[in-house]
Amino acid sequence: GVTLRPDVYGDRGLQIYYNVSDNKTWEGLVTTLRTFLTAYTPAAQHLNINCTSDTYFIQDTFDGPNKTKLSCKFTSDMLQNCSGITDPTFGFPEGKPCFIIKMNRIIKFFPGNGTAPRVDCTYVGDESRPLEVDYYPVNGTFNLHYFPYYGKKSQPSYSNPLVAVKFLNITRNVEVKIVCKIIGAGITFDNVHDPYEGKVEFKLKIED
Amino acid sequence: IQDDHKLSTLELEEKYGTSINKGLSSARAAEILARDGPNSLTPPKATPEIVKFLKQMVGGFSILLWIGAVFSWISFGIQLAQGAESPFDNLYLGVVLALVVILTGIFAYYQEAKSTNIMASFSKMIPQQALVIRDAEKKELSADQLVVGDIVEIKGGDRIPADIRLIFSQGCKVDNSSLTGESEPQPRSCDFTHENPLETRNIAFYSTTCVEGTATGIVINTGDRTVIGRIASLASRVGNEKTPIAIEIEHFVYLVAGVAISIGVLFFIISVSMRYKILDSIIFLIGIIVANVPEGLLATVTVSLSLTAKRMAKKNCLVKNLEAVETLGSTSIICSDKTGTLTQNRMTVAHLWFDNQIYSADTSEDQTTQPFDQSSPSWTALSKIVTLCNRAEFRPGQENFPIMKRVVVGDASETALLKFAEVILGDVMNIRARNKKVAEIPFNSTNKFQLSIHETDDPNDKRFLLVMKGAPERILERCSTIMINGKEEPLDSEKAEAFQTAYMELGGMGERVLGFCHLYLPENEFPDTYPFDTDSMNFPTSNLCFVGLLSMIDPPRSTVPDAVSKCRSAGIKVIMVTGDHPITAKAIAKSVGIISATSETVEDIAKRLNIPVEQVNRREATAAVVNGMELKDMSLQQLDEILCNHSEIVFARTSPQQKLVIVEGCQRQGAVVAVTGDGVNDSPALKKADIGIAMGIAGSDAAKNAADMVLLDDNFASIVTGVEEGRLIFDNLKKTIAYTLTKNIAELCPFLIYIIASIPMPIGTITILFIDLGTDIIPSVALAYEKAESDIMNRRPRNKKKDRLVNEQLAVYSYLQIGIMQSVGAFVTYFTVYAEQGFLPSTLLGVRVDWENNAINDFEDSYGQEWTKYQRMYLQWTGYTAFFVSITIQQVADLIIRKTRRNSIFQQGLFRNKVIWVGIFSQIGIALILTYGLGHVTALNFTPLRFQYWFVAVPFAVLIWVYDEVRKLFIRRYPGSWWDKNMYY
């Protein structure tokens, strides 16, 4: 499963509507992101180790404290322009909003078959229409060293890796439908019954 | 009341505007036909098919299901208006519920129509023809075209086509038994003999038959205006009472519906006060109703009843109304006809008296020899008289048939004698040919004898032999000698005394006695050219030689005594109701055991003690023979007293109308009454009875129409096999219902726990329907094939008020004991599946709101994994499937324990009822198809379950079986104990 922050659900799934000139309409969205990222402050992540390898972080032994396994650190600064540090409003007032994409934890899941899975956002139905997106971290990848997940008891301080997307050329006053897929071996996004498997779809409308 | 019987021919011609020679003109006849309608009985008003159909749609549980469907549609409407995500689920549920009602309704309707059709074929007879004079020509017309004033001709063998006033008759006799119950053919002439049109000889009635002779008459009544028509319409006014099984099923429906509604409303209130949305509460209510209502049960009951009906039809009981199958089983009194039902309906020689000794003859249906001593020369003489002094003849071309089955032309006594002689001597016709008949005086009511004179077959003996038979006292008057051991001896007073004793004894047995005598005419006085003249009687008819007596009776069917004793041990009182003479009736009653060998009537006691009848203590007499004349003057209390105080009752000389009085009397005692009947006049009694049984062979159409059951072989013993089947189906329906109700708890608990504990829904409403209408159907029908646990004919008929189909014990044991065990087993499976998938039971409690929230797509489980909404739903469906599978597995155990209520399954045998195995395999087969075959159809909410989950409930299935074995063991060990009273259902 793939989820999106901020997550505002309407009758038919995710719907993010706001007005750039009315800060009441986007303050809530920004707060959601900020709250979500509190779990990724260096303080919150201090138990986790810095990982540099770009391969799966396979642990057969319990090397962490209290017979646990280690987890890699993921801090919000890795999201650069969408970290809320440089731009506390995440680009919402400028009409270039940041969204955070998260993959659901699945125990002993090795996504990508050795290649880091990455996020790819397009318009729904019209994939040729250019959607200008900035991905953070670069290329919008989930580094392989966050995988596999060994479960709540083994990795009590584990936090999901994130990818932030910043949409740069959203036409104002028009509802657009965007889908962000996770591309990688072993990840499917064509289950007709489950709209959140391997992808997240949402409607976005920026008014001014 | 008409007075046509009093009118002269001319007056009749005038009254009806007809002519005896020319008949009506076709034009006039057509006019009258248009005025009066066709000459046929209006069939009883049938309920319109559409009404019957609609009744099936609203009866039983249908109302509850309709309510469920309507609620579903309402919540669909509301959800649609609110723009919710998946409102169509409720639309589908409503449609499914409606379909269930409609389909079970159609099924029940079809079943009912099928059994009605069997009957319809009965009443459809070959169109009757009548020979009519119209336009001065004789014409064959269909009988329903007859009109008042038509001149019709009838001959022996015809059915009388309308009520007719005879204007010409030659030796005409009619069989009025269907109208009055009299079995003797009645002579008919043109003479006005009685004020009462029913008694006078010059009227013949519609639907009676002309036995012999010919007659011509004027039609005076047609169709419903005939005497029969008026009785038939009377019968249709006697109300139909509800059958006992219908009452039981109604009771059961109320019970279950009561439980469903109370639990539903209770939990509706609970869920509202727990701050569930009203809409959600309504959806819970639907679920609770669906879980509580055994949707397939009523169809199952119908199938079980029709299976039994089929089985009974094989045993010659054709059931018209399915519910009558069980009514027969609860019968406590059978009012049976005598002639044809208890007896073989043919005169048979029962006793002989010659050489001062009484011999008994074999009266069984398939006799081929006679065992009595035939060495005496007196027998040789007697047999010769029997053979020669007899006008009856076999119809030709029947040589290959058994003698008893051959058709004979002649009256009942002569037929009996002919067959008797044929059995012993063989080829009677040949003997008669060798002893050429030279003169004959047929029987007539004035001289009461029959006489014939023959040449002998001994070429050396040129004498003529005069043989005579007739009323014994008249024959004896004409004799001066009597044959003893082949020798003629003078008939002194001692020998006459012996004759009297024998005659009284045979007559006392209710038998019709005939005397036989002969005389060899001296050769010198009667040379072979002697001109015998029967008018002047130029030969001796006195001073003959008495040879012997033969007595005849319509003997009981050989299977009847056994059947009566079966009834007796089954606590069923058999009452004989007959139009016959009390002595004959009593004799037959004694010989079949309706009056047992040791019991006495008031008259018997009076005779034994030699005191007047009035002084006898009526309580001492267990048997009673009540004459129709006495019955007429009796008050209802007196009749009740007789029915109450005597266990063995015979009603003799009763008219068919009195049958109705007797039936009502029995019903006042609280008995379930079965009545047999064949005549049109019986139809009110047949209707009034709890179960009316018409005779298939002798029965009239009106009787068959009024009856609930038709006895194809007219045999009383078939009724008893019917009773046995009826009792068995009652027991088996108990088992079926117990089986079906058990799983209701396992279907209901999920909803209750879901509401209270807010766990993910354990089972879906659609899934429940798949159990109720899928896996459970064949097994519950299979229980109808279960054999009886003990001799069901050794216990008393069930008490209508006390022995309910569904009693407290059954409900408590099924719901609260086995049902709870099943629920536990199913929940264990449910929690196992969730735990193995990541949700430990503790995390499930109170999780409902988040679980069902579409906006949560990273729902965390006990292991830290995250689930999207659809993944959770899929898991929920897997839970449904697991719950479904474990109910199915446990229902297999439930099925096996329900085979018996008291006996161990080892006593009953696992393999005697093969259909149970069909049931078990179908159950598992359907479950396999649903999970693996249809597991990918999302709408059905089944998923291909991991195979190991099938076995989680197996220990619980074993537990259920062991528990029930222990229950049965204690019931058998400690009869009458607290356990027995509370655990036996």
Side-chain angles (χ1 to χ4, degrees), chain A residues 1-16 32 36 39 68-69 71 100-109 111 142 146-162 180 182 187-203, chain B residues 76 78-89 277 279 764 834-840 842-844 847 849-878 880-881 934-944:
Chain A
V2 178
T3 51
L4 182 77
R5 295 293 185 286
D7 47 350
V8 179
Y9 283 83
D11 285 341
R12 298 269 180 276
L14 287 161
Q15 269 177 349
I16 289 105
T32 308
F36 180 71
T68 57
K69 297 190 183 189
S71 306
I100 293 173
I101 311 275
K102 174 173 81 78
M103 268 172 84
N104 280 351
R105 291 189 292 265
I106 298 171
I107 290 173
K108 290 193 177 156
F109 178 50
F142 296 102
Y146 295 104
F147 304 100
Y149 175 56
Y150 285 105
K152 201 151 97 178
K153 269 205 173 147
S154 306
Q155 293 177 293
S157 59
Y158 180 90
S159 35
N160 304 28
L162 306 172
C180 293
I182 299 194
I187 301 168
T188 55
F189 43 75
D190 50 5
N191 183 342
V192 286
H193 301 295
D194 192 348
Y196 300 100
E197 185 179 318
K199 64 176 192 295
V200 58
E201 232 178 75
F202 59 98
K203 288 179 210 152
Chain B
F76 161 69
I78 295 173
Q79 283 180 329
L80 194 67
Q82 288 176 345
E85 195 145 327
S86 55
F88 289 95
D89 284 359
K277 279 184 260 164
L279 191 67
Y834 275 80
E836 284 212 358
Q837 298 303 310
F839 294 93
L840 296 175
S842 56
T843 54
L844 290 176
V847 88
V849 177
D850 286 348
W851 181 272
E852 289 174 0
N853 190 343
N854 283 324
I856 299 181
N857 281 299
D858 48 2
F859 189 92
E860 203 179 305
D861 68 14
S862 311
Y863 298 92
Q865 306 186 93
E866 290 167 319
W867 298 67
T868 66
K869 174 70 199 304
Y870 177 77
Q871 287 164 343
R872 296 198 302 274
M873 278 313 293
Y874 191 81
L875 176 58
Q876 190 175 322
W877 295 336
T878 309
Y880 290 2
T881 313
L934 303 174
H936 297 286
V937 184
T938 336
L940 298 181
N941 300 350
F942 282 98
T943 64

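Chain A is the first sequence line, chain B the second, and so forth, proteins listed ahead of strands; every chain is numbered from 1. The analysis underlying the following values was restricted to heavy atoms, covering all of them including side chains, and did not include hydrogens, waters or symmetry mates.
A search for salt bridge (Lys or Arg N to Asp or Glu O under 4.0 Å) contacts involving Asp858(B) returns Arg5(A), Lys102(A), not counting sequence neighbours. Looking at residues two or more places apart in sequence or on another chain, you find no salt bridge (Lys or Arg N to Asp or Glu O under 4.0 Å) involving Lys277(B). Partners of Leu840(B) by side-chain contact (heavy atoms from CB on, under 4.5 Å), not counting sequence neighbours, listed by chain and number: Ala835(B), Ser842(B), Thr843(B), Ser862(B), Tyr863(B).
Rounded to the nearest 0.5 angstrom, Lys869(B) NZ and Ile856(B) CD1 are separated by 10.0 Å. Here the straight-line distance linking atom CZ of Arg872(B) with atom CG of Asp194(A) works out to 10.0 Å at 0.5 Å rounding. Rounded to the nearest 0.5 angstrom, Thr3(A) OG1 and Phe36(A) CZ are separated by 6.5 Å.
Contacts between Gln871(B) and chain A at a heavy-atom distance below 4.5 Å involve backbone atoms as well as side-chain atoms.
Residues of residues 149-157 of chain A that come closer than 4.5 Å to chain B, counting heavy atoms only, are Tyr149(A), Gly151(A), Lys152(A), ordered by residue number.
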